[in-house]
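The next block holds one structure in the form of structure tokens; read it before the comments.
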Amino acid sequence: VTEVLTLAESYSQPPPDSLAPGPAGGIALEWTIAQIGTPYIWGGETPGVGFDCSGLVQAAYKVAGITLPRVAQDQYDAGPQLPAGASLEPGDLVFFGGSPTDVEHVGLVVSPGVMVDAPFTGAFVREDSFPTTIGAGFGGENYMGATRPSG
């Protein structure tokens, strides 16, 4: 029975290599930090001109050699999802919205509880603090979880 339960537990865990931090996250984060001060533009994806949140994330990971979908919901769905309570690493993506099927915002982790994001019209790419407990409020949204893109 113990062997079967141990085996069953191993199937419920993501593969260890999919969660290991890699160089892409650091490259993406370094590039994103260099974009601080760029205006928020809805649908924006151009350095020096403007970004929305998912355009910023997509461009950052493109520089790091990883192709991500364009919008926050699709980026969330692309995963791999980190387990609730997992330690967040620089470059991890954090997501916010009404539910896991209603993700509306994304940022890149700088350090636990701090991200770089393009927050809203009238703002600029900047560092923001965020809650690290799944379901915790963040503005009018909730923290939905994190992913660690790998290529």
Side-chain angles (χ1 to χ4, degrees), residues 12-151:
S12 69
Q13 300 299 316
D17 61 348
S18 71
L19 299 179
I27 293 166
L29 179 59
E30 184 177 323
W31 185 88
T32 303
I33 288 171
Q35 306 311 307
I36 289 176
T38 302
Y40 175 96
I41 296 177
W42 189 83
E45 50 190 24
T46 307
V49 176
F51 292 105
D52 65 9
C53 64
S54 57
L56 178 67
V57 165
Q58 184 186 48
Y61 269 91
K62 182 177 182 180
V63 167
I66 295 177
T67 301
L68 293 179
R70 175 59 181 90
V71 297
Q73 180 70 59
D74 293 342
Q75 291 171 354
Y76 177 80
D77 293 341
Q81 304 291 317
L82 296 176
S87 294
L88 299 178
E89 300 290 334
D92 286 351
L93 303 182
V94 287
F95 296 91
F96 306 87
S99 74
T101 59
D102 183 29
V103 173
E104 298 179 6
H105 188 65
V106 60
L108 282 92
V109 172
V110 175
S111 60
V114 179
M115 67 177 168
V116 175
D117 67 337
F120 50 81
T121 301
F124 297 87
V125 174
R126 66 186 188 192
E127 283 193 5
D128 269 329
S129 59
F130 70 93
T132 57
T133 303
I134 303 290
F138 176 76
E141 301 172 331
N142 296 317
Y143 175 53
M144 292 291 107
T147 67
R148 184 169 294 152
S150 60

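Residue numbers count from 1 along this sequence.
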Q. Passes side-chain contact (heavy atoms from CB on, under 4.5 Å), F51 versus V125? Steps please.
A. CA-CA 8 Å; F51 292 105; V125 174; 4.3 Å; yes
Q.
I'd like to know if the side chain of D92 and the backbone of E89 have a donor-acceptor N/O pair within less than 3.5 Å.
A. yes
**Q.** pair F95-Q73: side-chain heavy atoms closer than 4.5 Å
**A.** no
(Q) Please report the interatomic distance CD1(I41) to OG1(T46), rounded to the nearest 0.5 Å. (A) 7.5 Å
Q. What closest approach, in Å, do G79 and T147 show between heavy atoms, and which atom pair accounts for it?
A. CA-CG2, 3.7 Å
Q: Kindly indicate whether the side chain of V116, heavy atoms from C-beta on, has any atom under 4.5 Å from the side chain of I33.
A: yes
Q: Working to the nearest 0.5 Å, report the span between CG of L108 and CG of L56.
A: 6.5 Å
Q: Taking the side chain as every heavy atom from C-beta outward, state whether F96 and F130 have any pair of such atoms under 4.5 Å apart.
A: yes
Q) What is the minimum heavy-atom distance between Y61 and L68, and which atoms define it? A) CB-CD1, 3.7 Å
Q. Does the side chain of Q75 reach to within under 4.5 Å of the side chain of V57, using non-hydrogen atoms?
A. yes
Q. Measuring from D117:CG to Y40:OH, what's the distance to the nearest 0.5 Å?
A. 10.0 Å
Q: Decide yes or no for I36 and F124: does some side-chain heavy atom of the first lie under 4.5 Å from some side-chain heavy atom of the second?
A: no
Q) Taking side chain as C-beta onward, heavy atoms only, is T67 less than 4.5 Å from K62? A) no
Q.
Nearest 0.5 angstrom please: L93 CG to Q58 CD, how far?
A. 11.5 Å
Q: Would you name the heavy atoms of P47 and E45 that are closest together and state the gap between them?
A: CD-O, 3.9 Å
Q. Taking all non-hydrogen atoms of both residues, which atom of T132 and which atom of G113 are closest, and how far apart?
A. CG2-N, 3.7 Å
Q | Flag side-chain contact, heavy atom, 4.5 Å: H105 against M115 | A | yes
Q: Would you indicate whether the side-chain heavy atoms of L29 and V110 approach each other to under 4.5 Å?
A: yes
Q. Which heavy atom in A60 sits nearest to a heavy atom in T32, and how many Å separate them?
A. CB-OG1, 3.1 Å
Q) Hey, what do you get for CG (N142) to OG1 (T133), rounding to the nearest 0.5 Å? A) 11.5 Å
**Q.** Spacing of OG1 belonging to T38 relative to CD belonging to Q35, to within rounding of 0.5 Å
**A.** 5.0 Å
Q: Quick one: closest heavy-atom pair of V114 and E127, and the distance?
A: CG1-OE1, 3.7 Å
